[in-house]
Amino acid sequence: MSSSAGQRIDEESYTSWRQRSELEKMTDLPQALDDELARLDNQFWIPRTKLEEIVSRFCEELEEGLAKDKQNIPMNITWVHNLPTGKERGTIMTLDLGGTNLRVCKVDLYGDEGRKQGDGKYGMEQEQYKLPEELKKGESDALWNFIAEKVEAFFKDHKLDQQYSTQKPMPLGFTFSYPATQDRIDHAVLQTWTKGFDIKGVEGQDAAKQLREKLQERKLPVDLICVINDTVGAMIASAYNDPETIIGGIFGTGCNAAFMASLSSIAKLDPNDERITDASSHNGAVKGEEKMAINCEYGAFDNSHRVLPRTKYDEKIDAESPRPGEQTFEKLSAGLYLGEIFRLILVELLDRGLVFNQDSNQDTRKLREPYIIDTGFLSQIEDDESHKFTKTRELFQSTLSLQPSDVEIEISRRLAEMIAVRGARLCACGVAAICTKEAIKKGHVAADGSVANKHPKFKRRWTKALGEVLGWKEEECGEGEGPITITSAEDGSGLGCAIIGAMELERRTKKEAH
Ligand code: BGC
């Protein structure tokens, strides 16, 4: 038996989707569709032995990124030297440029004091603005102007203009969730756009400088003190409350993770570099035990196509994306792409006359629109327990103007499961690789993102795959949980960014006092 996706065949791959599926059958499929499912399952199912192979290569790529610049996985240096103590205090404004929205927040950190007084450790005021689609493929000026305009509006609406001035500016942190090279914490040269963005004039440039210029043009009383990645934000926000935090992970539109690496393991960093000796001497770390948060940017894993089982649908998505050849791992596992994989399979079945055939007289034009189906669509199908799947029917109607038959509902449920299971199992590989490399045996992965938070079965599937690949024993695991568990990152991109801002201000104060 051979596999078109190049999967290693072992005993497990002989178990059919029928044995593995958690879905109850709603109706029988005609033989032709049944055969199709078996073919697709052979390409999408990733057995344990393949997971192990992926994790082993993943570990090598993580090492390569720490050893040298310009590797597949960049392992970006972040200049965040510590996890927080939990005592950090202050008021910081944060900006979060995600894949879909811009969020502006004012974060008040109360540290332990707040907790003692029963106020909680932080307070937050926030506004969210949808990023116009044309901005994502436009010019850099339009992007920074949009952001500066929203900061200005936020200042007015929240009466911050009465408290801050250009002489006494408000500290500002920027969560910029794209791969960036940082020479300092307030600097970020964009390596490449991801998540379908294609804005001209930012790649190779310092995004912090471009934003700062636009803020200054408007004479806004803010001081941009740090640029962070959402994974680092998730890890730091979680660690503010939870000392068992080991990793910050985003399983959303994109996918990526961050962890604290010991300085000695980052071969590409010169330990005598002034910026390191200087930072270490002001953050209280014991000599020899200094750390640095690493933003892995592991969405770029396997860009050289050595190990991931790519299907023709994955190849098509890649070829038609703004950056073909990049973010190979992300394109198989992250939220932006799961719905599109589902759509491409349905279109293929349609073209072969296996679904929505001409007799049913349906208008299939919407189904032909790229990216019309998002991950939420798949989550809702998998979540649908309504009688006769009325919710799924409504979803097809509202998103695609289609009225699916029972057979079409049944095949859609199977496809949604197959694609999401592969995504979750792959997502486990990134975390398994970090844990293997760092010899981490237990702890919390602070996770954020639409797939982690909104997909009903993601956590369970992710945990199961992690257990398979890390070889957990039954006695180590609780109900649906292992020694390494996913916890929800409390608002990483806002809170985490503010905490990093407060840590940076503290470091600067100590340095000045020195
Ligand atoms: C970006 C990362 C980010 C991840 C999750 C990826 O596309 O390159 O910087 O952490 O998405 O948002």
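Remember, it's 1-based here, ligands and their atoms both numbered in the order they're listed.
- W144 and Q210 get closest at one heavy-atom pair: NE1-OE1, 2.6 Å.
- The residue N295 has no part lying near ligand 1, judged by heavy-atom distances below 4.0 Å.
- Looking at K137 and E134, no side-chain N of the basic residue comes within less than 4.0 Å of a carboxylate O on the acidic one, giving no salt bridge.
- Scanning all protein heavy atoms for the shortest distance to atom 7 (O) of ligand 1 gives T194 OG1, 2.7 Å.
- Atom 11 (O) of ligand 1 has its closest protein heavy atom at K195 NZ, 3.2 Å.
- At least one heavy atom of P179 sits less than 4.0 Å from an atom of ligand 1.
- Every atom of ligand 1 with a heavy atom of Y178 under 4.0 Å away is listed here by number and element: 8 (O), 9 (O).
- Using a 4.0 Å cutoff on heavy atoms, G299 does not count as a contact of ligand 1.
- A salt bridge links D108 with K106: the distance from a Lys NZ or Arg NE/NH1/NH2 to an Asp or Glu carboxylate oxygen falls below 4.0 Å.
- The atoms of ligand 1 that sit less than 4.0 Å from any heavy atom of E330 are 6 (C), 7 (O), 11 (O).
- Using a 4.0 Å cut-off between a side-chain N of Lys or Arg and a carboxylate O of Asp or Glu, D383 and K454 do not qualify as a salt bridge.
- Less than 4.0 angstrom separates some heavy atom of T231 from each of these atoms of ligand 1: 10 (O).
- At a 3.5 angstrom cut-off on N or O pairs, D230 counts as close to ligand 1.
- No side-chain donor-acceptor contact under 3.5 Å links E290 and H81.
- Closest of all the heavy-atom pairs between A257 and I247 is CB-CG2, 4.0 Å.
- Heavy-atom proximity to I250, at under 4.0 Å, picks out these atoms of ligand 1: 5 (C), 12 (O).
- Residue K316 qualifies as open at atom NZ: its count of foreign heavy atoms under 6.0 Å is 12 or below.
- Checking T85 against E88 by side-chain atom types alone, a donor-acceptor pair falls below 3.5 Å.
- The contact set between ligand 1 and E297, taken as ligand atoms under 4.0 Å from a residue heavy atom, comprises 1 (C), 2 (C), 8 (O), 9 (O).
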